[in-house]
Amino acid sequence: MWVSPQHHCPGQTSITSQNGFVSFPKSSTTSRAISSNMGNPHTTLPPSGSFKKPINQPITDCNTQIRKFCEVGNLKMAMDLVCNAQKSELELATYCSVLQLCADFKSLDEGRKVHSFIDSCGIEMQNASAPKLAFMYLSCGDLREGRRVFDRMANEKVFLWNMLLSEYAKIGNFEESIMLYERMVEFEVEANSYTFSCILKCLAAKKSVAKGERVHGYLLKLGFGAYNTVVNSLIAFYFKCGRTESARKLFDEMCDRDVITWNSMISGYTANSLAEKGVEVFIDMLSTGIRVDLATIVSILAACANVGVISLGRSLHAYAIKAGFNKEITFNNTLIGMYTNCGDIDGASCIFYNLGERSVVSCTSMIAGYARDGLSDKAIALFHEMKMEGIKPDIFSVTSILHACACNGSLEDGKEVHNYIRENNMDLDVSVSNALMDMYAKCGSMEDALSIFSQMPIKDIVSWNTMIGGYSKNSMPNEALHLFGAMQQELKPDIVTLTCVLPSCASLAALDRGREVHAHLLRNGLAFDNYVVNALIDMYVKCGALVLARSLFDKTPVKDLVSWVVMVAGYGMHGFGREAIAAFKKMRKAGIVPDEVSFISILHACSHSGLLHEGWRFFDIMRNDCNIKPKLEHYACMVDLLARSGKLSKAYRFVETMPIEPDASVWGALLCGCRIHHDVKLAEKVAENIFKLEPDNMRYYVLIATIYAEAEKWEEVNKLKERIGRRGLRKNPCCSWIEIKGKHHIFVAGDNSYPQPKKIDFLIKEWSTKMKAEGYFPNLRYALTKGEHMPKETPRCGHTERRAMAFGIMSFPPGKIIRITKNLRVCSDCHEMAKYVSKKVGSEIVLRDSNRFHHFKNGSCSCRGYL
DNA sequence: CGGATAGTAC
């Protein structure tokens, strides 16, 4: 027995502590009331002869009259008589009959009246009527009062115990059910099959395997091992707890399995992701000749959907038509789900559009199927169609359609659905609100998402994660981190929260915050999930801690595609092209098939290290070996690669002959190359192409202006400035930052309110003087343009990165790595200074700009001039 | 009978 005194929590409702007149009869019956039916309270009526009739009974006995009305179900007349009767005349059996009627009619008010009449009787009457009274309250849905009466009475009636157990289970208070069961066992109330079915459900809900096993032992001892209903419940319990072998063992040992047994096996295996075994069971079932019912078909279709075996699904479809199930709407709905899950969207829509009657469920299945298949437009169209047909979408339909809008990125459709949701007060549902927030986040409107979030009275962990993830995805890392902080005031972040927040740490290069997250994961034993580990590796990569990223990567036992791609991209960004290529090869050797994104990473890596030949090879591998059609990103990488290598005209021809229309990013890659190789003429041609496509992207104006400035074409620079002014564009202010002890120190161009300005400026001045004295000259061309003509003309970078660098050198002990982040590309002047400082001070400097990493060590940079 | 809402890589 697993009941022990420790289980009895203080303060909990307890039978023993309720009052003084409770007695607990130890059951002495030898014949067990195994068959006593919970659904039949009449069997528990107190014997009507237990109270003696009053003497001087009139012939037209009011008791008889009341009971007559009860027999014919006339509650009103019965109650009238009860109310008018002399209370001392009424017998227990009469009260019981009326209470039963109140229970049948679920008439709580009348029941309460009867209760008050009984209360005015003697204690004997009160005690004797208590079971019926408790029954009445429980039947009428007043669990609290039912429990109160129950607690006050002597109770050996298993029927009432069962009723209480199931009522608590109904409202989800499984703990209370379990506690009551423990008490039952303790007081030796004889449990019956209903007790076991119910308690096993509760224990399954709480996944209490150990307690369930003890119940299992107990029921065997009482001889319930041969009861189908009980064993079926046990099987369901074991499946719910993931103990498929235990369920199987019971099944194998059963001698007369009924249809429910078979169905439980099929759905149990399916729920435990062992749908194949479910299918096997189904085939065995067919060979036994047992009648297949609707539930069987529905379970096996779900199994098919999980396995994704469309052939079996199709033959089941045929089988079910023969057996006549195709008229059942539930069958058809599951069938639609099966076809959509197996990816046969046409098969699904064929059934759907041939349905005699459509229900909300059929429509929702179909919408979800379309959404899952990426056919958001069709999903949205069907949503409108069902509304036109007068089928009212419910919260299920609405969450599905929101998902479709989110996948589509169509804010307008999403807003329309939002209006519908508001009009129907569906936004009170947490899941619906979460789906709405997700839709807005995926459509890029974090303002709308936030407005929903802030209006939610109850937020669950998904709500928080959706917002934090939304901010991360929409490049609002500060908001993400801020919300993460706020969340921790209210609830504990889970693995998804941490996975959501890591990209924000990465984008801010907030290494200390990232490390805190890592520590949190380790403390909570969560550092084994692939998603979060990949996010961690990526965070370390982007914070410039390539060594930490690598050691975490090495320690990861299961490296999936993303793990590898993160490392390949990481090596690339840090200028280790050869290592990136080695990793890519290793990945393929490990049997992982690269996808589009993998090739973008490796091509980028080649480009960052100027590996033109290798880049071409990967481009060919992608097209020929992997059958991946190059996308714009791939072309942009190739153009970048060609252009950086100085093959500008080849790059231009490449863009012109692309099989898909080049976009601004492809031309932009060429423009970058023009800058590096000072080809003003080509740059002008390219720029005009770009401005046709993206006339408002400041990035390209800055780039062409720099090209002009470096060629000393000041007139052209001025013309550009006018053009920019006419368009009302503004330059993204340049800024650099450095993290010191978890705190960010930001240096913004044109803002001199940074910390310790005198010391910083002094240090920088000293460095420049020494650089000059030591003949440390940056490239001549740049030095010239920096000369007399242009200090005011060039887009000012503000040299924020050198200030951050000086601040870092001042703040950290020598030898410590200085990590700086900049929102734009590094200026070549500062790049030279960083090289110098790394040699002079002996500190390693890691600078992340908007393009890549620069590791300055002992006077040189890992970018080898590929700024 | 339906959905399944949140997460990693360029």
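Within every chain, numbering begins at 1; the chains are lettered A, B, ... in the order of the sequence lines, protein sequences first and strands thereafter.
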[X] [atom1] to [N] [atom2], straight-line distance once rounded to whole Å:
X: A/N341; N: B/dA4; atom1: CG; atom2: C1'; result: 12 Å
X: A/N263; N: B/dC1; atom1: CG; atom2: P; result: 11 Å
X: A/I351; N: B/dC1; atom1: CD1; atom2: C1'; result: 13 Å
X: A/I380; N: B/dG3; atom1: CD1; atom2: C1'; result: 16 Å
X: A/I395; N: B/dG3; atom1: CD1; atom2: P; result: 14 Å

Would A/D494 and A/T497 count as a side chain to side chain donor-acceptor pair (under 3.5 Å) here? Give the steps. CA-CA 5 Å; A/D494 68 0; A/T497 322; 2.8 Å; yes
So if I define the base as every atom that isn't primed, P, OP1 or OP2, how would nucleotides 5-10 of chain B read as a B/S/- string at a heavy-atom cutoff under 4.0 Å? BBBBBB
Taking the six-membered ring for Trp and the single ring otherwise, decide whether the centroids of A/H418 and A/Y440 are under 6.0 Å apart.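 Yes, the ring centres sit under 6.0 Å apart.
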Does the separation of the ring centres of A/W262 and A/F282 fall below 6.0 angstrom?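 No - the distance between ring centres of A/W262 and A/F282 does not fall below the 6.0 Å cut-off.
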Is [X] touching bases, backbone alone, or none of the nucleic acid, heavy atoms closer than 4.0 Å?
X: A/S365; value: sugar-phosphate
X: A/R372; value: sugar-phosphate
X: A/V360; value: base

Salt bridge (Lys or Arg N to Asp or Glu O under 4.0 Å) evaluation trace for A/R617 with A/D620: CA-CA 5 Å; A/R617 234 190 52 231; A/D620 288 337; over 6 Å; no
For DNA chain B, the residues among residues 578-592 of chain A that have a non-hydrogen atom under 4.0 Å from it: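 Heavy-atom contacts with DNA chain B come from no residue of residues 578-592 of chain A; none.
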Salt bridge (Lys or Arg N to Asp or Glu O under 4.0 Å) between A/E385 and A/R358: does it pass, once the steps are laid out? CA-CA 11 Å; A/E385 211 178 293; A/R358 290 182 196 177; 3.3 Å; yes
Report the C-alpha distance between A/D373 and A/K378 in whole Å, list the side-chain angles of each, state the deciding distance to 0.1 Å, and finish with yes or no for salt bridge (Lys or Arg N to Asp or Glu O under 4.0 Å). CA-CA 10 Å; A/D373 221 44; A/K378 283 195 169 181; over 6 Å; no
Got a sec, which residues hit salt bridge (charged side-chain N to carboxylate O under 4.0 Å, His left out) with A/E614, two or more places apart in sequence or on another chain?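 Per chain and number, A/E614 pairs via salt bridge (charged side-chain N to carboxylate O under 4.0 Å, His left out) with A/R578.
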Mutual orientation of the aromatic rings belonging to A/F619 and A/W616 [parallel < 30°, tilted 30-60°, perpendicular > 60°]: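 Aromatic pair A/F619/A/W616 classed perpendicular.
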Could you measure the distance from the CG atom of A/L611 to the CG atom of A/L641? Nearest 0.5 Å is fine.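 So the CG of A/L611 and the CG of A/L641 are separated by 7.5 Å.
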